[in-house]
S.K.: 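Below you will find the structure I want to go over with you.
On a predicted model such as this, the values are computed, not experimentally measured, just so you know. These values consider heavy atoms only, across backbone and side chains, with no hydrogens, waters or symmetry-generated copies.
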Protein chains: 2
Amino acid sequence: MARSAKLRRPATLASLAAELGVSRTTVSNAYNRPDQLSPELRQRVLETARQLGYPGPDPVARSLRTRQAGAVGLLFTEALSYAFRDPAAVGFLEGLALGCEEAGQGLLMVPASPEADHAHTAAAVHRAAVDGFVVYSVPDDDPHFAAVQQRPLPLVVCDQPILEGVDHVGIDDRGAMAGLGGHLIELGHRRVGVICMRLGRDRNDGLVEVARQHAAHFHVQRARLAGLQDAFGPEEWSAVRVVERFDHTVESGASAAAQLLDHDPGLSALAATSDILALGALEELRRRGLRVPEDVTVTGFDGIPEAERIGLTTVRQPVREKGRAASRLLLERAEGRCRSISLPTELMIGQTSGPAKVADAPWFSGL
Amino acid sequence: MARSAKLRRPATLASLAAELGVSRTTVSNAYNRPDQLSPELRQRVLETARQLGYPGPDPVARSLRTRQAGAVGLLFTEALSYAFRDPAAVGFLEGLALGCEEAGQGLLMVPASPEADHAHTAAAVHRAAVDGFVVYSVPDDDPHFAAVQQRPLPLVVCDQPILEGVDHVGIDDRGAMAGLGGHLIELGHRRVGVICMRLGRDRNDGLVEVARQHAAHFHVQRARLAGLQDAFGPEEWSAVRVVERFDHTVESGASAAAQLLDHDPGLSALAATSDILALGALEELRRRGLRVPEDVTVTGFDGIPEAERIGLTTVRQPVREKGRAASRLLLERAEGRCRSISLPTELMIGQTSGPAKVADAPWFSGL
DNA sequence: GCGTTCTTCTGAACCGTTACCGTCACTGTA
DNA sequence: TACAGTGACGGTAACGGTTCAGAAGAACGC
């Protein structure tokens, strides 16, 4: 009997109940509310379940009935491969995963299908069985993000613009970068080259006009560039060359640095909007035999471990805390809605920034 | 009418159908099979759905009916915080996430509850609404892993022992480490100190006897130590000091190196079972003013980018490909079951390994 | 002896969808 | 006019559980 049931089709709570001659409720209770039935019966249920190969209540059916999935959905930067290579993104993921784990919630990474597949672009978002969404650093016009907003679920965005009625966590990218810019100015840097990550969903490796800077689809990059502009002032900023790279890699940073230096060998500083890119700039400078910071100053942003190890001047941001904050906001939603958390940053002055070498005032370099 | 329905309770496919005066099937088809109904009716359905605030078919109900969740479950190293700091683990995750994304599948990170919570330890595994599981580098006796095996779903394990009837992907840790050991021996190293990651679920920071090495609960560490033993031979190996560290961090590597050097300042080489630990060893050596490789040789394992950048002698393993292979194995299950994939590794001889300094034969160091 | 309480278990109503098969109107053909 | 073929839509029955309000019987107090 038991065998045939096993062979015919997977055992269910109902078939198990029938086999035992008890009600479904009782079997359900055996798993979910041990105090609701006698220990002996419970043992018998569990024992029979094992014999029949019943693996316990089906998670999906349970979710349907209880109206909770026990998981949080994560919409990550579309280009997954780069996301995992960005220590800041990984740090965020770590914090978020930790927060979810502590709450016993799963973390579902929602697949972002390629743009090409127009009709089904956001299908995965609609298919995700989750109790809420965290959206991390997607471009403003991302169709997946739009789909997420359509679902009637709690939502937290991170490293994105503050949106009406949507919980938010982030840092003051603009202010922090302005602080770093101020540091450069204090050191006398005026001929500065800037390296930034991609500003839109399209690949655009090269110089960036001010218009494109302001129209950037990625909030974080837009804000950081604006911060530098704040520090330098509009007129000086218009003379600053900004180079964009689609791929967020050390090699990209190197090639961007090369492009800037080829254009103006007299640059006294290279400011990158991420540490990864700054590492690439350092590599390129080493290749060219230029000393840091004696010949050229280099700065980054993020405060990744490797940057810290080599003493890069950068802004340290609490990436893990961002993840934790996001999970908290999502999971502990109780009081008045629409909260916005801005975490503190720290300007880390390392060994890669120094006084600008002023060509026509050599004595100045000693400052 | 529409308003009241919206206020009373969230709209469902049925309520929408009632509102429209069509059958539920038709509404369902409007979403899932556009070719099954006239474009006009479909438009009308979608339009009414928008007005009623119906967000489309409920993912959970759909999953229950179609018997597929559209997601892959991932059981990751219990200590999540360390997993995300291990570039090898992150690389695996990247490959896996990419493979899932391409297949349009979600990736659900299953929360591993703390051991303390005995009864519910594996509850999250039972709650996971997934179509299959990937298990990555968990200890042999992990209760979550046991729970995964109970679920009647496809399963792939990675960086774990090969199990009867379970798909598997990994590398030849033992052989690769034996190769690295051979390299050390060729260079004349005999007084070697070894630094390894934790060997069990318990914290045991310190020296490791051979018995514990063989009883290690983590397959990868066990295999790598065994590989070194293969290279050195049993008798020489018994003289080699192995130090274990629970936390997988650069600092741990440094402190382990310090412990080894304090014990035997005459060590000519430090072999770590991971690049992260090796980086720590390099740091400690720098602190002590010892040159690498002139005074001490250092080797790692994994081939993480930073190691490559500084020219660490190590074994490069294709971590991303491991992830991709796991996703392939899980998602393209069709032919004869129980496949095992072993990916190739590459011995990377960098600038951190050199000939052993032989105390009583100084000329030897010039070799 | 009788009402009360407790324990243990049952019945039936959902949860929101999709699969399967049937129906019905309409068209073209002989 | 009859009939098969086709496109568009409807009805019914799962899918596998959870939950709540009780029923049946035992234990208890007075």
S.K.: What's the closest nucleotide to the side chain of B:Val22 if the choices are D:dG10, C:dT17, D:dG17?
M.R.: D:dG10
S.K.: Is there a side-chain polar atom (N or O) of A:Tyr54 under 4.0 Å from OP1 or OP2 of D:dG17?
M.R.: yes
S.K.: Of all the nucleotides listed (C:dG16, D:dC20, D:dT18), which has the minimum atom distance to the side chain of A:Thr25?
M.R.: D:dC20
S.K.: Nearest to the side chain of A:Pro57 - C:dT17, D:dG16, D:dG17?
M.R.: D:dG17
S.K.: If you take all heavy atoms of A:Arg85 and B:Arg320, which pair is closest and at what distance?
M.R.: NH2-NE, 3.1 Å
S.K.: Measure CZ/B:Arg65 against P/C:dG16 and give the value in whole Å, please.
M.R.: 16 Å
S.K.: Please work out if A:Leu64 contacts a base, only the sugar-phosphate, or nothing of the nucleic acid, heavy-atom cut-off 4.0 Å.
M.R.: base
S.K.: OP1 or OP2 of D:dG7 versus the side-chain N and O atoms of B:Ser38: is any pair under 4.0 Å?
M.R.: no
S.K.: Which nucleotide sits closest to the side chain of B:Ala61: C:dT18, D:dG17, C:dG16?
M.R.: C:dG16
S.K.: Just call it for B:Arg42: base, sugar-phosphate, or nothing, with non-hydrogen atoms closer than 4.0 Å on any strand.
M.R.: nothing
S.K.: Shortest non-hydrogen contact from A:Gln150 to B:Pro55?
M.R.: O-CB, 4.0 Å
S.K.: Please determine, for the side chain of B:Arg24, which listed nucleotide (C:dT17, D:dC15, D:dT19) has the closest atom?
M.R.: C:dT17
S.K.: Round to a whole Å and report the spacing from OH of B:Tyr31 to C1' of C:dG16.
M.R.: 13 Å
S.K.: If you check every side-chain atom of B:Arg67, which of D:dG16, D:dT19, C:dC9 has the closest atom?
M.R.: D:dG16
